[in-house]
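In what follows, a single structure is set out as structure tokens and then discussed.
It should be emphasised that the depicted structure is a prediction, and the values quoted were computed from it without experimental measurement. Heavy atoms only: backbone and side chains are in, while hydrogens, waters and symmetry mates are out. Throughout, numbering of the chain's residues begins at 1 and tracks the sequence.
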Amino acid sequence: MTISRRRFALSLAAPYILRAQQAPLQARVKIDTERVIGDIDPLIYGNFIEHLGRCIEGGVFEEKSPLSDERGYRKDVREAVGKLHVTQLRWPGGNFSSNYHWMDGIGPRDQRPARLEMAWGTVESNRFGTHEFLDYAELIGTQPYVCCNFGTGTWNEAQQWVEYCNSSEDTAMTRLRRQNGRRDPWKVKLWGLGNEMDGPWQMGHRSAEDYGKFALEGAKLMKWTDPSIKLVAAGSSNYNPGSDWTTWNRTVLQFLHQHADYLALHTYVGNPNDDFGDFLASSLAIDERTKTAEGIIDASLSGQPGNRKIYIAWDEWNVWYRARGNSQRGRRILEEQYNLEDALVVATFLNSFVNHAHIVKMANMAQLVNVIAPIFTNEKGLYLQTIYYPLQLFANHTKGKALELFVDSPKYKTRRYDEVPYLDVSAGYDNGSLVLNVVNRHRDQAIEAEFEAEDKQFAREVEVAEVNGPDIKATNDFDKNPVKTATRNATAEGKKLRYRFPAHSYTQLKAKLT
């Protein structure tokens, strides 16, 4: 290379060299194990399967496939789900549940009626019903969460479903269950009082008052059938400026404050404008809505007898914006392909749930397989999407008590927020084990953080797991896996742990405190 050509090459490379040599930003985090937010409920690591697209048929369940067992469950999917450590699984919907009549899905599979499915524009075979779902929940070791039809359904239908699943008495419903092959009850604890009943898109859509009155009578019958069950009220899913989100939730709880155990909230976010910084700030909206909903719950319980608690269930949440629109009907729909920035947003949502552990006691990523999902299949196998990895790390390691941290981080401004911390952090503490979850929202720069234990000492060895990739748009597929979890070790000294978080990364640090 001649001198002139070399100078020209160096001039082109100069911005990248300068950026590489740029000193990392600095942050401080203080940790006090006595500053407890609340117990981290394992149920925040739930998921969701709906009769929608290829989530169930072609996802968790595929009869006659060489990849399935004798009952039709995909064995490769089951293995991937097992590593996610799903703590509870919501079914059958979603929008589907608002016109689902559960008796269509029991009895011999070949004798079950096919029905026009109007939520997603298909024909429902009903070959995957109550027994298949509850048996699958047992198979993967998760708690079932059944969402009742409070759209076109009736109170008696919901009550009899609880009886069919949970009762040990000798009744027509329990005899029918035994006739269909299940002697002992499943004892399902979690039951939803409908889905998104505030939405005009929902079959059986009602006003807040009409839904509250209807759900109250259904809740009474269901709890009289089994007083041990926990009920999830359908909170508002339609959060927009000027919407009736607050009014809906307040009105519903006026009727259900003595019967509901959870208030369900839903959210989906996206990046249609390709604004990385604003997209990575999406969890701030979750923080705001959680706080608002908590205030509404507190107000509904004020002055009531007893010591009732109502918690928040974010029982539908995810990134979803590419596979949307009126054309999304049929079998191959909502098949979103996720990239690294989507995985980082997922990690910030999980941070938010942990940081509100005193009130957020349940959450469900929507959904589990193929449909806006961490697992994607075809007839030959599967691959793990980018969003799989943060969910797996949180569910397997972030337990115990959520700690309130002091975080001093550099900030940036977006179109929605004046101050967004570059470092988004949560902590779980369990019998001397500390887990720190850290998202670096900076697209280009590393951030060097100093963690200081206020009341403990760090053991020297620290386990590190990092989810990252070559760039923020990196995606996984059947033949490539650039975004995944990489593990390494770090060291701490006394009360201090210093770690440099790479740009656009999610990192989990595990350490012992003594």
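Look at Arg54 and Glu57 and you find no salt bridge, because none of the NZ, NE, NH1 or NH2 atoms lies under 4.0 Å from a carboxylate O. At a threshold of 4.0 Å, the pair Asp430-Lys399 does not count as salt-bridged, since none of the basic side-chain nitrogens sits closer than that to a carboxylate oxygen. Taking 4.0 Å as the cut-off between side-chain N and carboxylate O, Lys473 and Asp274 count as a salt-bridged pair. Comment: Lys495 does not engage Glu452 in a salt bridge, judged by the lack of any side-chain N to carboxylate O separation of less than 4.0 angstrom.
Lys512 and Ser433 form a side-chain donor-acceptor contact under 3.5 Å, judged by distance and modelled atom types alone. With no hydrogens or angles considered, no side-chain donor-acceptor pair links Ser352 and Trp314 at under 3.5 Å.
For residues 355-385, the ring pair (Phe, Tyr, Trp, His ring centres under 6.0 Å) pairs, not counting sequence neighbours, are Phe376-Tyr383, Tyr383-Phe478.
Arg308 is linked by a side chain to side chain contact (heavy atoms under 4.5 Å, CB included) to Lys223, Gln258, Asp261, Leu301, Ile310, counting only residues two or more places apart in sequence or in another chain. With sequence neighbours excluded, the residues forming a ring-ring contact (aromatic ring centres under 6.0 Å, His included) with Trp186 are His131, listed by chain and number. With sequence neighbours excluded, the residues that form a side-chain hydrogen bond (donor to acceptor under 3.5 Å, both in side chains) with His266 are Glu196, Asp315. Taking the side-chain hydrogen bond (donor to acceptor under 3.5 Å, both in side chains) definition, one finds that Lys75 meets it with nothing, sequence neighbours left out. Residues passing the side-chain hydrogen bond (donor to acceptor under 3.5 Å, both in side chains) test with Ser505, sequence neighbours excluded: none. A search for salt bridge (charged side-chain N to carboxylate O under 4.0 Å, His left out) contacts involving Arg74 returns Glu62, Asp76, not counting sequence neighbours. Partners of Asp198 according to the salt bridge (charged side-chain N to carboxylate O under 4.0 Å, His left out) rule, which considers only residues two or more places apart in sequence or in another chain, do not exist here. Applying the side-chain hydrogen bond (donor to acceptor under 3.5 Å, both in side chains) rule to Asn468 yields the partners Glu466, His504; only residues at least two apart in sequence or on another chain are considered. Ala137 pairs by the side chain to side chain contact (heavy atoms under 4.5 Å, CB included) definition with Thr142, Pro144, not counting sequence neighbours. The salt bridge (charged side-chain N to carboxylate O under 4.0 Å, His left out) check on Glu448 picks up nothing, with sequence neighbours excluded. Asp41 pairs by the salt bridge (charged side-chain N to carboxylate O under 4.0 Å, His left out) definition with nothing, not counting sequence neighbours.
A 6.0 Å sphere centred on CG of Asn431 holds no more than 12 heavy atoms belonging to other residues, nucleotides or ligands. Heavy-atom neighbours of Gln26 CD from other residues, nucleotides or ligands within 6.0 Å: above the threshold of 12. In the displayed structure, Lys83 atom NZ is contacted under 6.0 Å by at most 12 heavy atoms of other residues, nucleotides or ligands. A 6.0 Å sphere centred on CZ of Arg78 holds more than 12 heavy atoms belonging to other residues, nucleotides or ligands. By the 6.0 Å contact criterion, NZ on Lys187 is enclosed, its count of non-hydrogen atoms from other residues, nucleotides or ligands being greater than 12.
Distance check: Ile44 CD1 to Leu350 CG gives 7.0 Å after rounding to the nearest 0.5 Å. Residue Leu253 holds its CG atom at 13.0 Å from NE2 of His259, rounded to the nearest 0.5 Å. For the atom pair OG (Ser236) and CG (Leu265), the distance works out to 8.0 Å, reported to the nearest 0.5 Å.
For the pair Asp32/Phe406, no side-chain contact is recorded, criterion being any heavy-atom separation below 4.5 Å from C-beta on. Considering only heavy atoms from C-beta on, Gln392 stays 4.5 Å or farther from His85 through its side chain.
A cation-pi contact, defined as under 6.0 Å to the ring centre and within 45° of the axis, is absent between Arg322 and Trp320. For the pair Arg90 and Phe48, the cation sits on the ring face: its NZ or CZ lies under 6.0 Å from the ring centre, inside 45° of the axis.
Here the side chain of Arg416 pairs a donor or acceptor atom with the backbone of Asp278 at under 3.5 angstrom. Side chain of Lys361 to backbone of Asp39: a donor-acceptor contact under 3.5 angstrom is found. Judged by distance alone, with hydrogens and angles left aside, the side-chain atoms of Glu50 form a donor-acceptor pair with the main-chain N or O of Phe96 at under 3.5 Å.
Shortest non-hydrogen contact noted between Thr87 and Pro42 is OG1-O, 2.6 Å. Scanning all heavy atoms of the two residues, the minimum distance from Asn437 to Thr398 falls at ND2-OG1, 3.1 Å.
Using cut-offs of 30° and 60° for the angle between ring planes, the Tyr262 and Tyr311 rings count as tilted. Note: Tyr73 and Tyr136 have tilted aromatic rings, judged against thresholds of 30 and 60 degrees for the angle between ring planes.
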Practice task
Start with the C-alpha distance between Lys456 and Thr33, add both sets of side-chain angles, then the distance that settles side chain to side chain contact (heavy atoms under 4.5 Å, CB included), and finish with yes or no.
Solution key: CA-CA 8 Å; Lys456 301 285 184 181; Thr33 61; 3.6 Å; yes
Problem - side chain to side chain contact (heavy atoms under 4.5 Å, CB included) between Glu379 and Ser65, worked out - result: CA-CA 8 Å; Glu379 67 280 1; Ser65 167; over 6 Å; no
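Taking the six-membered ring for Trp and the full ring otherwise, Trp317 and Phe349 have centroids separated by under 6.0 Å.
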